[in-house]
Amino acid sequence: MNIVLELTEREQEIFDEVMEQVDRTAVFLANLSHAERLNWLKEHQYSHPISFEREIGGTVYTVNVHFNESAAETVEGKVNRILASNIAR
């Protein structure tokens with residue numbers, strides 16, 4: 001299954017801005033010690049469940065995120081696995 005998102009010009013600008021901020025934050029975090037990084041993440045984590053709704057082509061999609069505290073797979077590993085399985089198709 002391939003997923004293609006068509007963005008408006010403004011949506012693309014927002015996406016680019018977010019990715020720039022992600023890159024800056026990643027560099028910032030990479031320069032912190034392990035303890036400093038954990039403290040920063042605790043201060044900046046969401047205090048409520050992550051969820052949102054988006055209407056695409058007349059269909060409303062609801063996204064809810066849940067985290068399994070006992071999961072053996074990391075978020076990075078899961079994302080890489082999902083991307084690899086979708087790219088291989």
Side-chain angles (χ1 to χ4, degrees):
M1 178 172 113
N2 291 326
I3 299 173
V4 177
L5 296 177
E6 295 182 16
L7 305 177
T8 65
E9 186 175 323
R10 180 63 185 135
E11 289 170 333
Q12 183 64 51
E13 290 171 3
I14 293 169
F15 175 82
D16 292 340
E17 290 171 13
V18 168
M19 292 311 296
E20 286 176 24
Q21 183 62 40
V22 166
D23 290 341
R24 285 193 298 273
T25 303
V27 169
F28 170 78
L29 291 173
N31 290 310
L32 297 179
S33 69
H34 179 74
E36 291 170 326
R37 197 166 33 255
L38 286 176
N39 285 334
W40 186 92
L41 291 169
K42 286 177 185 176
E43 291 173 8
H44 292 85
Q45 70 183 358
Y46 286 101
S47 59
H48 53 81
I50 302 169
S51 62
F52 61 92
E53 289 186 349
R54 174 73 48 96
E55 181 177 348
I56 302 173
T59 301
V60 176
Y61 295 90
T62 301
V63 177
N64 295 300
V65 179
H66 305 276
F67 298 97
N68 181 349
E69 297 292 335
S70 63
E73 186 175 30
T74 65
V75 171
E76 181 181 12
K78 183 171 285 209
V79 169
N80 287 334
R81 179 176 51 78
I82 291 168
L83 289 174
S85 69
N86 285 305
I87 291 171
R89 292 180 183 179

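Keep in mind the model is a prediction, meaning the values are calculated, not measured.
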Q: Give a yes or no on whether R54 atom CZ has more than 12 heavy-atom contacts from other residues, nucleotides or ligands under 6.0 Å away.
A: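 Atom CZ in R54 is not crowded, with 12 or fewer foreign heavy atoms closer than 6.0 Å.
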Q) Is the number of heavy atoms from other residues, nucleotides or ligands under 6.0 Å of Q21 CD greater than 12? A) yes
Rounded to the nearest 0.5 Å, how far apart are [atom1] of [X] and [atom2] of [Y]?
X	Y	atom1	atom2	answer
F15	L7	CZ	CG	7.5 Å
K78	N68	NZ	CG	7.5 Å
E53	N64	CD	CG	8.5 Å
R10	I14	CZ	CD1	4.0 Å
E55	T62	CD	OG1	11.0 Å

Q.
Could you check whether any side-chain N or O of R37 sits under 3.5 Å from a backbone N or O of L29, counting only pairs where one atom can act as donor and the other as acceptor?
A.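 Side chain of R37 to backbone of L29: a pair is present.
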Q.
Evaluate D16 against Q12 for side-chain hydrogen bond (donor to acceptor under 3.5 Å, both in side chains), listing each step before the verdict.
A. CA-CA 6 Å; D16 292 340; Q12 183 64 51; 2.9 Å; yes
